[in-house]
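Chain letters run A, B, ... following the sequence lines, proteins first, then strands; residues in each count from 1.
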Amino acid sequence: MRPILLSGHERALTQVKYNSDGDIIFSVSKDHVVCAWFSHNGERLGTYHGHQGALWTVDVDPTSTLLATGGADNTMRLWEVKTGKLLKTWDFATSIKRVEFSPDGRQLLGVTEKRSGHLSTIVIYEIEPDVDAEQTNEQSLRIVCDESKATVAGFSYLSKFIIAGHEDGTVSQYDAKTGELLLNITVHEDDMQVTDLQWSPDRTYFITASKDKTAKLISTNDLEVLKSYSTDTPLNSAAITPVKDYVILGGGQAAMDVTTTSARQGKFEARFYHKIFMEEIGRVRGHFGPLNYVAVHPKGTGYCSGGEDGYVRVHHFDKPYFDFMYEVEREQANL
Amino acid sequence: QDLAKKNTANRQVVEQRRRLLEEWQAWREQMREMLAEEGYEEPVDADGVAGADGDVEEVE
């Protein structure tokens with residue numbers, strides 16, 4: 001099936017997210033506007049207006065009731081998905097680089113940027129999953145990242161841990177109740193920023209993407225690197241596909257960073273790797289600039305990518321995608 | 001002789017993959033047991049299908 005092109009944003013996409021049913025895609029961009037789209041046909045179902053700066057991040061709660069966003073206007077905001085109504089604005093001293101709901105939707109995490117006089121923090125709010133409820137101003141937890149700023153973060157299975165990726169290429173594990181730092185491991189090359197962190201369905205492992213041109217599959221409990229995927233371009237995003245054992249990586253060198261024309265060729269592709277065998281199995285081209293984010297449909301039926309070129313491309317997987325199996329996988333399946 | 005060498009190489013690749021697959025499945029099983037001990041229930045979506053991690057067990 002041909003990809004569906006979502007054109008509605010006027011500037012680079014920064015994050016795209018499916019809701020838990022996979023029927024809606026939320027997208028945020030440097031153009032200040034949040035968009036919601038039907039994933040099956042690409043029709044735009046609404047926009048969310050209010051932010052005064054570039055948007056960096058978006059997440060939707062498990063019931064598709066509440067939407068959270070964060071951006072360069074130093075606010076984190078909560079919206080009603082259905083009506084587009086702004087429910088809450090939390091103000092900060094610096095921009096919000098990442099928001100994520102806990103698996104049960106009862107907590108919301110935000111990652112704040114570092115700037116002179118302000119260390120990067122991970123803040124957590126308890127959320128009332130009711131559009132008419134008053135949301136709290138009080139942070140239930142605040143983690144200060146004094147070693148290296150956090151770039152991405154999220155909640156583990158059962159919201160037991162908070163896992164964060166940092167600017168220096170390390171990944172941290174915090175106790176989600178106390179905020180105590182339990183582990184900090186260098187998983188990517190020194191000072192090569194962790195650019196994305198996405199979970200497996202049960203959140204016992206996750207994948208990180210980095211400017212060091214690799215993605216790593218990491219266990220939640222001990223931050224052990226289980227798998228490593230090497231590419232030839234800086235990565236902005238990495239996602240784990242359910243149903244099939246693949247991972248999808250997105251990135252690319254921005255034109256301003258490219259010194260030779262040859263290095264520009266063919267870098268703007270989504271790359272598919274076998275999750276277990278770590279071998280590249282395919283590429284999907286289409287974007288005219290780096291892929292800033294890739295997201296997978298929660299039922300594993302497709303994926304979408306948000307590009308520096310201002311487009312979201314939605315792909316529905318064809319039969320060959322599901323039929324493809326390595327010989328040893330077929331052996332196992334036939335047992 | 002070249003053909004024999006190639007076959008050996010191929011066999012090694014296949015054996016390596018088989019090992020990786022078995023290792024992975026063992027680790028996943030370990031994680032499922034860990035989650036069960038922690039009292040984790042796999043989220044059930046609207047269609048009543050439990051999680052979609054590609055290693056869902058068939059329920060009879």
Side-chain angles (χ1 to χ4, degrees), chain A residues 18-23 62-64 102-105 156-161 199-206 217-222 224-228 240-247 274-279 281 296-301 322 325-333 335, chain B:
Chain A
Y18 284 91
N19 67 338
S20 61
D21 291 334
D23 57 338
T63 59
S64 304
S102 59
D104 65 2
S156 78
Y157 63 89
L158 295 168
S159 301
K160 186 177 181 183
F161 305 115
W199 296 98
S200 70
D202 69 8
R203 301 193 188 217
T204 57
Y205 62 100
F206 56 92
L217 205 70
I218 301 170
S219 82
T220 302
N221 279 351
D222 50 17
E224 185 193 339
V225 175
L226 303 166
K227 303 285 173 188
S228 184
I240 300 166
T241 65
V243 185
K244 297 297 284 185
D245 284 318
Y246 306 147
V247 298
H274 194 280
K275 182 173 75 185
I276 299 166
F277 307 138
M278 299 176 278
E279 290 166 16
I281 48 179
V296 177
H297 190 293
K299 294 193 177 82
T301 56
F322 294 102
M325 268 183 155
Y326 277 81
E327 193 183 317
V328 294
E329 289 182 298
R330 197 165 292 123
E331 278 170 19
Q332 286 262 347
L335 278 182
Chain B
Q1 207 184 357
D2 280 354
L3 193 67
K5 237 186 238 170
K6 200 179 155 201
N7 282 341
T8 311
N10 282 344
R11 203 161 53 235
Q12 276 171 355
V13 168
V14 169
E15 271 162 21
Q16 165 75 352
R17 284 185 191 143
R18 194 173 290 134
R19 191 177 62 75
L20 288 174
L21 189 57
E22 281 167 7
E23 242 177 47
W24 177 258
Q25 286 167 340
W27 185 77
R28 289 296 302 147
E29 187 52 39
Q30 215 180 306
M31 286 300 107
R32 274 194 289 272
E33 282 166 18
M34 183 277 297
L35 286 178
E37 279 168 28
E38 295 261 350
Y40 174 92
E41 281 171 40
E42 209 153 357
V44 174
D45 70 28
D47 306 329
V49 181
D53 197 11
D55 46 23
V56 181
E57 283 163 60
E58 293 253 333
V59 181
E60 289 179 48

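Heavy atoms only, all atoms of each residue included: A/Leu217 and B/Trp24 are closest at CD2-CH2, 3.7 Å.
Using a 4.5 Å cut-off on side-chain heavy atoms (C-beta onward), A/Val328 and B/Glu22 make no contact. A/Tyr157 places a side-chain heavy atom less than 4.5 Å from the side chain of B/Met34.
With rounding to the nearest 0.5 Å, the separation of CD in A/Glu224 from CH2 in B/Trp27 is 8.5 Å. We find the CD-OG distance between B/Gln30 and A/Ser219 to be 9.5 Å, quoted to the nearest 0.5 Å.
When the candidates B/Glu23, B/Glu38, B/Met31, B/Gln25 are compared by the number of heavy-atom contacts under 4.5 Å with chain A, B/Glu38 comes out ahead.
Heavy atoms of A/Glu329 lying under 4.5 Å from chain B belong to its backbone as well as its side chain. Interface remark: B/Leu21 contributes backbone and side-chain atoms alike to the contact with chain A (heavy atom separation under 4.5 Å). In this structure, the portions of A/Phe277 lying under 4.5 Å from any heavy atom of chain B include both its backbone and its side chain.
Residue-level contacts of residues 10-19 of chain B with chain A, in order of numbering, are B/Val14, B/Arg17, B/Arg18; threshold 4.5 Å between heavy atoms.
The side-chain contact (heavy atoms from CB on, under 4.5 Å) search around A/Met278 returns A/Lys227, A/Tyr229, not counting sequence neighbours.
With hydrogens and angles left out, the side-chain atoms of B/Arg32 and A/Thr204 include no donor and acceptor closer than 3.5 Å.
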